[in-house]
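Quick note: numbers below take in every heavy atom, side chains included, and nothing from hydrogens, waters or symmetry partners. Below, chains carry the letters A, B, ... as their sequence lines are ordered, and counting in each starts from 1.
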2 protein chains.
Amino acid sequence: MDLNNGEIMDYLREKDIKPSSIRIKVLKYLMDNQIHPTVDDIYKGIGDDIPTLSRTSIYNTVNLFKQNGVVVEINLGEKESRYDINTKPHGHFKCEKCGNIYDFPLPENLNKKLSNFTINRMSINYYGLCPDCRKESE
Amino acid sequence: MDLNNGEIMDYLREKDIKPSSIRIKVLKYLMDNQIHPTVDDIYKGIGDDIPTLSRTSIYNTVNLFKQNGVVVEINLGEKESRYDINTKPHGHFKCEKCGNIYDFPLPENLNKKLSNFTINRMSINYYGLCPDCRKESE
DNA sequence: AATAAAATTGTAACTATTACAAATTTGTAT
DNA sequence: ATACAAATTTGTAATAGTTACAATTTTATT
């Protein structure tokens, strides 16, 4: 993804969000840094650009993005929430050594039905060692 | 499950936990109330029995239980953690209307491999409407 | 019964997040 | 461009779950 400001603004409008300078910067940050950042990551990532930036604005923005389906909030058992612009269903693997988070496609045979339940969304998280850290610890 | 104190104590010792009055009560509570309780649920559930009970003691206890594999901490995107005495792999369904949490079995043949990753544990959570709430909203 | 070790308590600290009012910026109509 | 209204952004204070830690109480050992 490498959109210019006009395209970013169009994308926001598609999602019924009125573009603003912070919203554009946050969305761009999320697209360029698909590391499932925390609010603090985003704040630090775009803070240099906006000297008066407030953390509250990042919270406002990600909450708006979440409501309007621009991001999905993910919760990996840490205290901080993370945000993912990839809103299609997929799994997350968190390395317990280096902390990196990896996406993976959902297992083919995962239950997609539970009889008489309505499933609106699912959150599939694995924890362990990523290939690099596994190699190191040998 | 309906164990007497002696059996509860033996179970704790098996897990290398020295029994104490609070630990016994917490474990019994967890066995009798498999609702994936929060620290506060536990505190309120056994507080009547121990007039001087402190929340910190519940935190100490569940953390010890977690370290020694007596419970598993579960995180359903709420601010409070929950604790599950069923430590075998299984999924959780949270009803977004009534808040109830249901266990469900994972498929026998669920893909538990990601090539070159070592998976230590997984957390599978679904969100939606439970059968009762689904019926009501028709 | 005296002492040591461990468990429990209570308070204070910490941190992520939200509430909210004030200040700033943006958009609109004259 | 100017004045006004609406929306965004900011900053501070409040909230809530959890942990740190020292003091107290309980339990175990000699």
J.: Could you tell me which residues satisfy ring pair (Phe, Tyr, Trp, His ring centres under 6.0 Å) with B/F65, sequence neighbours excluded, listed by chain and number?
T.: none
J.: Residues two or more places apart in sequence or in another chain: which of them pass salt bridge (Lys or Arg N to Asp or Glu O under 4.0 Å) with B/K18?
T.: none
J.: Starting at CD1 of B/I50 and ending at C1' of D/dT26, how long is that distance when rounded to a whole Å?
T.: 13 Å
J.: If only atom types and distance count, is the side chain of A/N33 paired as donor or acceptor with the main-chain N or O of A/I35 below 3.5 Å?
T.: no
J.: What pairs with A/P105 under side chain to side chain contact (heavy atoms under 4.5 Å, CB included), at least two apart in sequence or on another chain?
T.: none
J.: Just how far, in rounded Å, is C1' of D/dT18 from CD of A/E80?
T.: 14 Å
J.: Just jot down the side chain to side chain contact (heavy atoms under 4.5 Å, CB included) partners of B/S21, sequence neighbours excluded, or say none.
T.: none
J.: Between the main-chain N or O of A/T38 and the side-chain N or O of A/D41, is there a donor-acceptor pair closer than 3.5 Å?
T.: yes
J.: Respond yes when some side-chain nitrogen or oxygen of A/T38 is under 4.0 Å from OP1 or OP2 of C/dA16, and no when none is.
T.: no
J.: Taking transitive links into account, so neighbours of neighbours count too, which hydrophobic residues share a cluster with A/L129 at under 4.5 Å side-chain distance?
T.: none
J.: Quickly work out the B/K25 NZ to C/dA7 P distance and round it to whole Å.
T.: 16 Å
J.: With the threshold set at under 4.0 Å for non-hydrogen atoms, list the residues of residues 51-70 of chain B touching DNA chain C in residue-number order.
T.: B/T52, B/L53, B/S54, B/T56, B/S57, B/N60
J.: In whole Å, I'd like the distance from the NZ atom of B/K79 to the P atom of C/dT18.
T.: 8 Å
J.: Roughly how many Å is it from CG in A/D41 to C1' in C/dT15, rounded to a whole number?
T.: 15 Å
J.: With sequence neighbours excluded, tell me which residues meet ring pair (Phe, Tyr, Trp, His ring centres under 6.0 Å) with B/Y59.
T.: none
J.: Enumerate the residue pairs fulfilling ring-ring contact (aromatic ring centres under 6.0 Å, His included) with a member in residues 2-45 of chain B, sequence neighbours excluded, ordered by first and then second residue.
T.: B/H36-B/H92
J.: May I have the distance from B/L76 (atom CG) to D/dG17 (atom C1'), rounded to whole angstrom?
T.: 16 Å
J.: Rounded to the nearest Å, what distance is computed from the CD atom of residue B/E78 to the C1' atom of nucleotide D/dT18?
T.: 16 Å
J.: Tell me which residues in residues 6-24 of chain A lie within less than 4.0 Å of DNA chain D, going by non-hydrogen atoms.
T.: A/K18, A/S20, A/S21, A/I22, A/R23
